[in-house]
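Structure, as structure tokens:
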Amino acid sequence: MGIYKMTTKFEEKIYQVCKKIPKGKVSTYKVIAEKLNSKAYRAVGSAMNKNPYSLSKIGSSKKMVPCHRVVASNGHLHGFAHGLKKKAQMLRKEGLEIKNNKIKNFKEKLCKF
DNA sequence: GCTTTGACTCTCG
DNA sequence: TCGAGAGCCAAAG
């Protein structure tokens, strides 16, 4: 393991799920929490904030977790460690349309696993 | 081991 | 459409 764990089992599962989000699609904190048989929406967000596999930390590695593809349940961009602007930018680069910090055609882009 | 905190979500007015 | 309040759960102190 090249990278220190620093994460709990619960958080690791979150990262595993996030990694599965296909490019050009998005998911929500809610969907991820439910995927883990839990309602810990907030815990999911916290895990993202502490995400040790973020873009700036390990770049385009296989372990990278596309946390920018995770948004609020209504398709609105909620938060991002490097700023919402950056988040919107990255999503746009992946083919998504962002308007006023909100995802266009959110229902179609949503990945529910 | 209890309290605080947070990148959440839902409901109501 | 928008903001406030309540409910929710795991991690950290």
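For the numbers below, each heavy atom of this structure counts, side chains included, while hydrogens, waters and symmetry mates do not. To find a chain, count down the sequence lines: A is the first, B the second, and so on, and within it residues start at 1.
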task: May I ask you to say what A/Phe10 touches in the nucleic acid, namely base, sugar-phosphate or nothing, with a heavy-atom cut-off under 4.0 Å?
output: sugar-phosphate
message: Take a 6.0 Å sphere around CG of A/Asn100 and say whether it holds more than 12 heavy atoms from other residues, nucleotides or ligands.
response: no
- prompt: Tell me: CD1 of A/Ile32 to C1' of C/dA10, nearest whole Å?
  reply: 15 Å
statement: In whole angstroms, the gap separating P of C/dC8 from OH of A/Tyr29 amounts to 21 Å
Ion pair A/Glu11/A/Lys50, N-O distance below 4.0 Å: yes
- request: Mind checking A/Ser46 for me? I need base, sugar-phosphate or nothing, with any heavy atom below 4.0 Å counting as a touch.
  value: base
field: Pairwise 5' ranking along DNA chain B for A/Lys30 and A/Lys87, keeping only the more 5' one
entry: A/Lys87
statement: The first and last nucleotides of DNA chain B lying within contact of chain A, meaning any atom under 4.0 Å from one of its heavy atoms, run from B/dG6 to B/dC10
task: Tell me what A/Ala40 touches on the nucleic acid: a base, only sugar-phosphate, or nothing, going by heavy atoms under 4.0 Å.
output: sugar-phosphate
- prompt: NA contact type, A/Lys50, heavy-atom cut-off 4.0 Å: base, sugar-phosphate, or nothing?
  reply: sugar-phosphate
query: What's the CG-C1' distance between A/Asn101 and C/dT1, to the nearest Å?
result: 16 Å
task: With side-chain contact (heavy atoms from CB on, under 4.5 Å) as the test, would you mind laying out the steps for A/Leu36 and A/Ile14 before giving the verdict?
output: CA-CA 8 Å; A/Leu36 304 182; A/Ile14 293 175; 3.5 Å; yes
message: Go through it in stages, so that I can follow the logic: the residues are A/Ser73 and A/Tyr41, the test is side-chain contact (heavy atoms from CB on, under 4.5 Å), and I'd like the CA-CA distance, side-chain angles, deciding distance and then a yes or no.
response: CA-CA 10 Å; A/Ser73 65; A/Tyr41 315 128; over 6 Å; no
message: Salt bridge check, A/Glu97 against A/Lys109: does any charged N sit closer than 4.0 Å to a carboxylate O?
response: no
